[in-house]
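Numbering of residues begins at 1 and proceeds along the displayed sequence. For the numbers below, each heavy atom of this structure counts, side chains included, while hydrogens, waters and symmetry mates do not.
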Amino acid sequence: MDKEKIDEIYRENAAMIYKYLCGLTQDSGLAEELTQETFFQAMKGIDKFRGDCKISVWLCGIAKRSRHKTAPLDDTIPSTENVESKSLDNLEKIEIFRLMHNLDDVTREVMYLRLAGELQFSEIAAILGKTENWARVTYYRGKQKIMKGMREWN
């Protein structure tokens, strides 16, 4: 594959992969490192891409595996150093992510893929090896739990 095509793949997908990994790791620095690792692994194995799904779906699968391979040894609570400096407008956003963090792993991953990764339900299904309907139902149930938590928060 030529350099121009590789650059195009990176430009079109890097932001989405980064957002996805930010959602999974809750750590922007780690997400940045994992994004680079994802594209490094993707370019090493580009000949394994069969084209039976969107390249973004394939990249999310690599990102998910990269995250597990390079998980930090110290799984501490994400840094809250910037929370105090955030405006009141962000409190609701923070509460939504807190509520998402309390969801079961599978539902939380579906929510991150949909909201942070901006993926279609068919792409989410392909990444997780499930049906599109399963992805829709899982997302809907997660959204209902978050909405209920937001009502209790207000």
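Scanning both residues, A42 and L59, for their nearest heavy atoms gives CB-CD2, 3.5 Å. S28 and C22 make their closest contact through CA-SG, 3.9 Å (heavy atoms, listed as atom of the first residue, atom of the second, distance). Of all the heavy atoms in I9 and F39, the pair that sits closest is O-CE2, 4.2 Å. When all heavy atoms of R108 and H101 are compared, the closest pair comes out as NH1-O, 2.9 Å. Taking each heavy atom of G142 and T107 in turn, the nearest pair found is CA-CG2, 3.6 Å. Of all non-hydrogen atoms in A14 and T35, the two that sit nearest each other are O-CG2, 4.0 Å.
Note: the hydrophobic cluster containing M147 does not contain L99 (ILVMFWY, side chain heavy atoms under 4.5 Å, direct or indirect links). Cluster annotation: I127 and I55 are assigned to the same hydrophobic cluster (Ile/Leu/Val/Met/Phe/Trp/Tyr, side-chain heavy-atom contacts under 4.5 Å, transitive). Under a hydrophobic-cluster definition in which Ile, Leu, Val, Met, Phe, Trp and Tyr are linked whenever side-chain heavy atoms come within less than 4.5 Å, directly or via other members, M43 and L34 are assigned to the same cluster. Each of Y18 and I124 belongs to its own hydrophobic cluster when Ile, Leu, Val, Met, Phe, Trp and Tyr are linked at side-chain heavy-atom distances under 4.5 angstrom. One hydrophobic cluster, built from ILVMFWY side chains closer than 4.5 Å, cannot hold both F40 and Y20; they sit in different ones.
No side-chain heavy atom of I62 sits less than 4.5 Å from a side-chain heavy atom of E37. Between T131 and R136, every side-chain heavy-atom pair lies at or beyond the 4.5 Å cut-off. Counting only heavy atoms from C-beta outward, the side chains of K64 and E109 approach each other to under 4.5 Å. Between Q120 and E132, every side-chain heavy-atom pair lies at or beyond the 4.5 Å cut-off. Between L21 and T38, the closest side-chain pair of non-hydrogen atoms falls below 4.5 Å. No side-chain heavy atom of L115 sits under 4.5 Å from any side-chain heavy atom of K19. Looking at L128 and L113, their side chains come closer than 4.5 Å, going by heavy atoms from C-beta outward.
Residues satisfying the ring pair (Phe, Tyr, Trp, His ring centres under 6.0 Å) test with Y140, not counting sequence neighbours, are none. With sequence neighbours excluded, the residues satisfying ring pair (Phe, Tyr, Trp, His ring centres under 6.0 Å) with Y139 are F121.
No donor-acceptor contact under 3.5 angstrom links the side chains of E32 and Q36, judged on distance only.
Atoms NZ and CD1, on K143 and I146 in that order, are 10.0 Å from each other to the nearest 0.5 Å. Of the inter-residue distances, the one linking S56 atom OG with E12 atom CD reads 9.5 Å to the nearest 0.5 angstrom.
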- request: I would like to know whether L119 and R114 meet side-chain contact (heavy atoms from CB on, under 4.5 Å); could you show each step before the answer?
  value: CA-CA 5 Å; L119 297 179; R114 181 72 176 165; over 6 Å; no
field: Candidate pair V57 and K54, rule side-chain contact (heavy atoms from CB on, under 4.5 Å), full reasoning
entry: CA-CA 5 Å; V57 172; K54 285 185 170 184; 4.2 Å; yes
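Other residues, nucleotides and ligands place no more than 12 heavy atoms under 6.0 Å from the CZ atom of R141.
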